[in-house]
Amino acid sequence: MSAGQYTPGPDRRPETDVNATPSNAAQPSGEGAGTYSNAPSYSPEEPGTPPTATTPGPAAGGTADRKVTRAGVIWAGVVAALVLLILLIIFILQNQDQALVRFLGFEGSVPLGMALFIAAVTGGVLVAVAGGARILQLRSNAHRARTAQRR
């Protein structure tokens, strides 16, 4: 059991770890003591008692564990994408120096931040195309294996 984890024993008392120091040992008695009146007490179990597995009960406050939903995952993804876009906008705005770009006989002047962004997107598209081709190859092989197995 790592520090900071609470695992109750079969009689609802916490199991002790011989390698861990008690969490209340570092706290001086006085004003700070007793601040957390609803915290579990850490009394050691009888020596020689093997640790037993317990079923997890409801979380603190009597509520059940929270489930991960698709909507929650999508929301987290949207928030992460927005943070990334904000950082990208800041990067482009801070790199407005003009850069001369030459590609296949074409030549033009583009802001440095935009040139780097275009290069990164192009690299991402190339990786996505290669990954998509590999996925199609694996699906094709799996389809052939299923049809051969049915015969």
Next on the checklist: Tell me the closest heavy-atom pair linking Ser109 and Gln98, and the distance in Å.
Outcome noted: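 Where Ser109 meets Gln98 most closely, the heavy atoms are OG-OE1, 2.8 Å.
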Over 12 non-hydrogen atoms of neighbours within 6.0 angstrom of CD in Gln149
no
In terms of side-chain heavy atoms, does Gln137 have a donor or acceptor partner in Arg134 at a distance below 3.5 Å?
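Their side chains do contain a donor-acceptor pair, which is all the 3.5 Å distance test asks for.
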Point to revise | Between Thr147 and Arg151, a side-chain donor and acceptor under 3.5 Å | key: no
Next item on the list: If you link ILVMFWY side chains whenever their heavy atoms are less than 4.5 Å apart, which other residues fall into the same cluster as Leu116? By chain and number, please.
Entry: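 Members other than Leu116 - counting any ILVMFWY side chain reachable under 4.5 Å - are Leu85, Leu88, Phe91, Ile92, Val101, Val110, Leu112, Met114, Phe117, Ile118, Val121, Val125, Val129.
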* Asked: For residues 75-97, which residue pairs qualify under side chain to side chain donor-acceptor pair (under 3.5 Å), counting only residues two or more places apart or in two chains?
  ->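 Applying side chain to side chain donor-acceptor pair (under 3.5 Å) to every pair that reaches into residues 75-97, excluding sequence neighbours, yields nothing.
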